[in-house]
Amino acid sequence: MADCTHDCSSCGSNCSSRKETSFIKPLHKKAKVKKVIAVASGKGGVGKSLVTSLLAVRAAARGYRVALLDADITGPSIPKMFGVHSHATGDDKGIQPVKTKSGIQMISMNALLEHEDDPVVWRGSLIAGAAVQFWTDVVWDNVDIMFIDMPPGTGDVPLSVYQSIPLSGMVVVTTPQDLVEMIVKKAVNMAGMMNVPVLGLAENMSYFVCPDCGKEHMIFGTSKAERLGEAYHIPATARIPIDPHIASLADAGKIEEADTDPLAEIFAQIEKAREIQFHK
Ligand code: ADP
């Protein structure tokens, strides 16, 4: 084009000299991470942090070097589920992640606040900035699989995180309620825009097994996991029951003792997922 300014970020033309602008941010120069899996949900409270934690526990139990990046800055629940109350240390050379009992590296807003009950009352740009700094400023030590507990929804904050961190794949967490199809569709579309595969759909609180008669009850409606998985070409689905035992382990900071079998198929997809590629 005769009037080309060579600034592709402000031009919509699809000409032959177009350079794709990448917003991907580099890792800390001493950090190394092979795979990054984002765990996302349409709204809060569906069990996204629980699924993120269970996937990390499963990966660690299988001998992988695992990291958990809690990008849910205003609702950080990962450290509590692991019973981690220590503080991340750091200086101008980088932040050292905290470690769980089984050796999972972790960073969360709660590991930086003086009192973990302090609320984070920040504007969106600051919240997104903090989540991205967890990627760029933490000295992640030789990580095979990093799991990111994403901020819920598809607003500015998750969008900045998606644009800044290279991902191997995404896992979507839902409950079997009516609007779930719209949530899955949005997540799949968003992942498609970022060129990231959706590896799994975890339907949490899918059923409840009566402890007296052993019958399965669908408290939040019939399961949609399998149908949606097929409709949106998601290679693995999981159904996680409402489980008072898991809730009590999460509350007691003992999630590393939980049974992770329901997530086996999704985890198998994570094992096959591509490693991230970016230039430092
Ligand atoms: P989110 O990250 O989506 O906001 P959480 O993972 O923090 O949601 O879960 C919210 C609460 O529900 C937590 O107290 C968690 O222990 C509980 N919970 C989540 N899934 C289950 C389940 N399948 N059975 C029992 N309790 C659950």
Side-chain angles (χ1 to χ4, degrees), residues 37-58 68-85 100 104 106-111 116-117 119-120 127 130-131 134 146-155 157-158 161-162 170-177 179-180 182-184 186-187 190 198 200-211 216-225 237-267:
I37 307 295
V39 183
S41 68
K43 58 177 175 139
V46 300
K48 173 178 54 61
S49 305
L50 181 79
V51 171
T52 314
S53 303
L54 291 176
L55 285 170
V57 168
R58 191 173 180 91
L68 268 167
L69 188 161
D70 187 359
D72 198 347
I73 302 291
T74 52
S77 36
I78 297 269
K80 188 168 180 281
M81 289 187 183
F82 284 84
V84 170
H85 302 286
T100 72
I104 298 172
M106 174 200 290
I107 196 78
S108 167
M109 203 57 208
N110 265 10
E116 56 186 33
D117 298 331
V120 176
I127 297 174
F134 287 170
M146 170 185 281
F147 293 93
I148 305 187
D149 188 3
M150 292 293 293
T154 47
V157 178
V161 179
Y162 281 115
M170 189 169 146
V171 173
V172 180
V173 184
T174 61
T175 52
Q177 277 143 340
L179 293 173
V180 70
M182 193 181 75
I183 292 165
V184 173
K186 274 191 188 178
M190 185 150 155
V198 178
L201 173 64
E203 185 178 77
N204 189 28
M205 309 191 198
S206 186
Y207 57 95
F208 175 71
V209 181
C210 171
E216 274 188 20
H217 297 275
M218 314 264 192
I219 312 268
F220 295 118
T222 50
S223 173
K224 298 172 182 73
T237 53
R239 292 180 66 209
I240 306 167
I242 298 173
D243 181 350
H245 177 60
I246 241 181
S248 62
L249 286 178
D251 278 350
K254 294 183 176 166
I255 202 65
E256 281 157 306
E257 293 170 24
D259 165 19
T260 63
D261 273 3
L263 290 162
E265 277 186 41
I266 293 183
F267 188 71

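Counting begins at 1 with the first residue of the sequence. Computation of the quantities below employed the complete heavy-atom set of this structure, encompassing side-chain atoms and omitting hydrogens, waters and symmetry-equivalent molecules. All ligand and atom numbering here is 1-based and tracks the order in the structure. Keep in mind that this is a model prediction, so the values were computed, not measured.
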- [ ] Identify, for atom 15 (C) of ligand 1, the protein heavy atom at the shortest distance, and state residue, atom and that distance.
- [x] Met81 CE, 4.5 Å
Task: Contact with ligand 1 for Ser77, non-hydrogen, under 4.0 angstrom - done: yes
TODO: Heavy-atom distances under 4.0 Å are what count here, so tell me which part of Ala250 touches ligand 1: side chain, backbone, both or neither.
DONE: side chain
Task: Nearest candidate to atom 18 (N) of ligand 1, where distance is taken over non-hydrogen atoms, out of Lys48, Met205, His245, Arg239 - done: Met205
Open item on the list: For ligand 1, which is the ligand I care about here, please tell me if Val46 has any N or O atom under 3.5 Å from one of the ligand's N or O atoms.
Closed with: yes
Task: Subset of ligand 1 atoms that lie under 4.0 Å from at least one heavy atom of Gly45 - done: 1 (P), 3 (O), 4 (O), 8 (O)
- [ ] Return a yes/no value: protein heavy atom under 4.0 Å from atom 25 (C) of ligand 1?
- [x] yes
Task: Atom indices of ligand 1, in the order listed, that fall short of 4.0 Å to a heavy atom of Ala247 - done: 25 (C), 26 (N)
Open item on the list: With a heavy-atom distance limit of 4.0 Å, tell me whether Pro241 approaches ligand 1 through its side chain, its backbone, both, or neither.
Closed with: backbone
Task: Lys48 side chain to Met150 backbone, donor-acceptor under 3.5 Å - done: yes
Task: Atoms of ligand 1, numbered as shown, that sit under 4.0 Å from any heavy atom of Leu50 - done: 6 (O), 19 (C), 20 (N), 21 (C)
- [ ] Indicate yes or no: does an N/O atom of Asp72 lie under 3.5 Å from an N/O atom of ligand 1?
- [x] no
TODO: Under 4.0 Å from a heavy atom of Ile242: give me the atoms of ligand 1 that qualify, with their elements.
DONE: 23 (N), 24 (N)
Task: Asp251 N/O under 3.5 Å from ligand 1 N/O - done: no
Open item on the list: Tell me the contacting part of Asn204 for ligand 1: side chain, backbone, both, or neither, using a 4.0 Å heavy-atom threshold, strictly below.
Closed with: side chain
Open item on the list: Can you confirm whether some protein heavy atom lies under 4.0 Å from atom 13 (C) of ligand 1, or whether none does?
Closed with: no
